[in-house]
Number of protein chains: 2
Amino acid sequence: MARRLHAPMTSHTEENYLKAIFKLAEKTAKAVSTNAIAAEMRTSAASVTDMLKRLAEKELIHYEKYRGVQLTEQGSQLATALIRKHRLWEVFLVDKLGFAWDEVHDLAEQLEHVQGSGLVERLDTFLGRPKFDPHGDPIPDAEGRWAFRQQVALNTLQPGDKGVVTGVDEHSTEFLQYLDQLGLALGARLELLERYPYDQSVRIRTADGRELTLSEKVGQNLYVKVS
Amino acid sequence: MARRLHAPMTSHTEENYLKAIFKLAEKTAKAVSTNAIAAEMRTSAASVTDMLKRLAEKELIHYEKYRGVQLTEQGSQLATALIRKHRLWEVFLVDKLGFAWDEVHDLAEQLEHVQGSGLVERLDTFLGRPKFDPHGDPIPDAEGRWAFRQQVALNTLQPGDKGVVTGVDEHSTEFLQYLDQLGLALGARLELLERYPYDQSVRIRTADGRELTLSEKVGQNLYVKVS
DNA sequence: TGTTGTTTTTAGGGTGGTCTAAAAATAACG
DNA sequence: CGTTATTTTTAGACCACCCTAAAAACAACA
């Protein structure tokens with residue numbers, strides 16, 4: 001097959017770089033460094049530089065030697081569309097095909113690169129226009145607008161506060177499976193009973209009355225909406 | 001042993017070659033020529049030769065210079081799995097997302113290369129284990145077995161014969177849209193009224209009583225099951 | 001300021017895939 | 001059979017992407 005008649009303007013690889021840059025820019029709020037991208041993509045800095053030139057050539061990023069990069073408007077839109085596709089496919093895999101929330105990342109990573117007239121919008125409609133993916137991450141709409149979520153890390157709650165699990169900050173299989181084990185799925189209700197300053201761990205009570213002690217690490221990576 | 005357990009690293013391109021070879025071998029029943037593959041893949045004969053060496057290296061085809069190629073057992077299994085995926089995704093796109101039967105080929109072409117643990121089987125289950133795709137082509141099961149279809153080209157029927165449309169031999173947008181226009185979707189019932197030996201065209205009556213004259217070309221490319 | 005250490009870029013090369021043009025093998029025909 | 005036509009393979013080059021090693025630029029600090 002090689003080249004289909006209308007060669008995609010951006011290759012899979014380029015798309016992955018854009019997504020990585022978007023993700024990093026989100027966290028740092030300033031120009032993204034070559035090394036940071038290399039780490040995110042698990043590749044060498046030299047390869048990154050190589051790609052940055054190509055992306056700059058296509059006007060998907062602003063790039064000045066030694067000065068880091070920022071996405072252009074076009075690049076940002078492309079990255080947003082990619083994230084939209086990724087998260088919609090994750091919803092599909094979990095809601096329709098019955099995958100667990102820790103199994104879908106790699107598949108969605110492939111599915112997000114499928115392109116074709118109207119596929120995303122039809123998928124969106126089919127899924128009932130979800131606003132969040134199975135990890136609680138927001139899904140931008142077709143115009144690139146993001147739903148806003150009022151959530152905080154679990155370990156910022158005070159004793160007596162009640163909330164609902166709305167998302168996670170870490171997507172590793174280990175963490176997600178651990179949450180499953182604890183019975184802490186998305187939407188689970190809980191109440192914070194006590195905070196232990198010594199090691200920043202917290203004690204909570206779940207909806208079904210079980211009491212759990214969670215480490216600082218879990219408390220940081222679990223998001224809840226206070227209710 | 002270990003060799004078989006290791007994921008057979010095949011690239012998208014290699015997979016597409018295997019599928020092309022499978023398709024050609026199906027029709028010709030003997031060794032497939034380099035030129036035939038080049039035509040099918042819309043690429044140069046030189047590129048094909050290049051790829052044939054790689055596929056032979058991986059033991060996916062039997063290849064002797066100037067003698068054409070045949071799939072090995074392994075290659076055949078891979079091609080069959082690809083066709084299974086392609087056709088299942090086509091069912092998904094039409095049945096679930098509401099695409100028309102002439103719009104899904106290119107998308108399925110991309111989706112068929114997505115690989116991951118259990119995806120195909122879950123998709124199959126989700127779709128209700130369909131045996132035929134939206135064009136009436138059979139979908140091999142997980143073990144590579146094909147459903148058998150008793151169908152014949154429309155222009156082999158005799159006056160008075162009645163049948164149901166079960167598939168098409170040509171998948172072009174033009175042909176499929178023409179059929180839509182004529183109201184001849186998969187499952188449409190019809191009766192052959194008359195054959196015109198002069199140009200091999202035929203006259204039929206549809207379920208809703210309309211009478212149509214179809215050219216030899218349509219008669220060859222439309223499959224029906226006599227009832 | 002100069003020196004040292006880190007980050008980034010360049011240089012040069014490898015692989016998988018593409019191509020065209022030319023050579024070699026096979027097939028067809030007189 | 002030999003000659004011609006067709007098919008297939010080789011030769012050589014290019015592109016996208018990857019790498020390592022070395023050079024260049026930048027940052028920190030005595």
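What you see is a predicted model; the values in this text were computed from it and never measured. Convention: sequence-line order gives letters A, B, ...; per-chain numbering from 1.
- A:Glu15 places its CD atom 15 Å from the C1' atom of D:dC17, with the value rounded to the nearest Å.
- If you take CZ of B:Arg42 and P of C:dC19, they are 13 Å apart, rounded to a whole angstrom.
- Just one residue in the list B:Ile139, B:Asp137, B:Thr80 forms a side-chain contact (heavy atoms from CB on, under 4.5 Å) with B:Trp146, and that residue is B:Thr80.
- For residues 12-58 of chain A, the set of pairs meeting the ring-ring contact (aromatic ring centres under 6.0 Å, His included) definition, not counting sequence neighbours, comprises A:His12-A:His113.
- Out of C:dT18, D:dT9, D:dC18, the shortest distance to the side chain of A:Thr43 is found at D:dC18.
- The distance from atom CD1 of A:Ile61 to atom P of C:dT8 is 13 Å, rounded to the nearest whole Å.
- With sequence neighbours left out, B:His171 forms a ring-ring contact (aromatic ring centres under 6.0 Å, His included) with B:His135.
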Indicate every side-chain donor-acceptor pair of residues 62-70 of chain A with a distance under 3.5 Å to a residue at least two apart or in another chain.
none

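- Within the structure, a side-chain polar atom (N or O) of A:Asn35 is placed less than 4.0 Å from OP1 or OP2 of C:dT8.
- Separating the CG atom of B:Asn16 from the P atom of C:dG17 is a distance of 11 Å, rounded to the nearest angstrom.
- Taking the salt bridge (charged side-chain N to carboxylate O under 4.0 Å, His left out) definition, one finds that A:Arg195 meets it with nothing, sequence neighbours left out.
- Shortest non-hydrogen contact noted between B:Pro130 and B:Leu88 is CG-CD2, 3.8 Å.
- In this entry the distance linking OH of B:Tyr17 with P of C:dG17 reads 9 Å, nearest Å.
- Computed from coordinates, the B:Lys58 NZ to C:dT15 C1' distance equals 11 Å when rounded to whole Å.
- Contact check, B:Tyr63 against D:dT9: a side-chain N or O comes under 4.0 Å of OP1 or OP2.
- Judged by the 6.0 Å distance and 45° axis criteria, B:Lys96 is not positioned over the aromatic ring of A:Phe92.
- Between A:His12 atom NE2 and D:dC17 atom C1' the separation is 14 Å, expressed in whole Å.
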Return a table of donor-acceptor pairs under 3.5 angstrom between the side chains of residues 97-104 of chain B and protein atoms on other chains or two or more places apart.
{"unit_1": "B:Trp101", "atom_1": "NE1", "unit_2": "B:Leu176", "atom_2": "O", "d": "3.4"}
{"unit_1": "B:Trp101", "atom_1": "NE1", "unit_2": "B:Asp180", "atom_2": "OD1", "d": "3.3"}
{"unit_1": "B:Trp101", "atom_1": "NE1", "unit_2": "B:Asp180", "atom_2": "OD2", "d": "3.3"}
{"unit_1": "B:Asp102", "atom_1": "OD2", "unit_2": "B:Gln177", "atom_2": "NE2", "d": "2.9"}
{"unit_1": "B:Glu103", "atom_1": "OE1", "unit_2": "B:Ala100", "atom_2": "N", "d": "2.7"}

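- Rounded to an integer number of Å, the gap from CD of A:Glu64 to P of C:dT9 is 11 Å.
- Proximity of residues 18-25 of chain A to DNA chain D (heavy atom under 4.0 angstrom from any strand atom) is not detected for any residue.
- Residues in residues 22-41 of chain B take part in no side chain to side chain donor-acceptor pair (under 3.5 Å) pair, two or more places apart or across chains.
- Every side-chain contact (heavy atoms from CB on, under 4.5 Å) that B:Ser11 has, sequence neighbours left out, goes to B:Thr13, B:Glu14.
- The stretch residues 44-54 of chain B touches DNA chain D through B:Ala45, B:Ala46, B:Thr49, B:Lys53, each having a heavy atom under 4.0 angstrom from the strand.
- Applying the side-chain contact (heavy atoms from CB on, under 4.5 Å) criterion to B:Thr125, with sequence neighbours excluded, gives B:Arg129.
- OP1 and OP2 of C:dT7 both lie 4.0 Å or more from every side-chain N or O belonging to A:Ser33.
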Practice prompt. Spell out protein contact along nucleotides 23-28 of chain C as letters: B when the base is contacted, S when just the sugar-phosphate is, - when no protein heavy atom is under 4.0 Å; keep the 5' to 3' order.
Written response: -BSS--
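- Residues B:Leu119 and A:Leu93 form a side-chain contact, since some pair of their non-hydrogen atoms from C-beta on lies under 4.5 Å apart.
- Overall bending of the helix from C:dT1-D:dA30 to C:dG30-D:dC1, expressed as the angle between end axes built from five pairs apiece, is 20° (10° steps).
- Ion pairing between B:Lys85 and B:Glu90 fails under the 4.0 Å rule for side-chain N and carboxylate O.
- A salt bridge does not link B:Arg84 with B:Asp141: none of the charged nitrogens is closer than 4.0 Å to a carboxylate oxygen.
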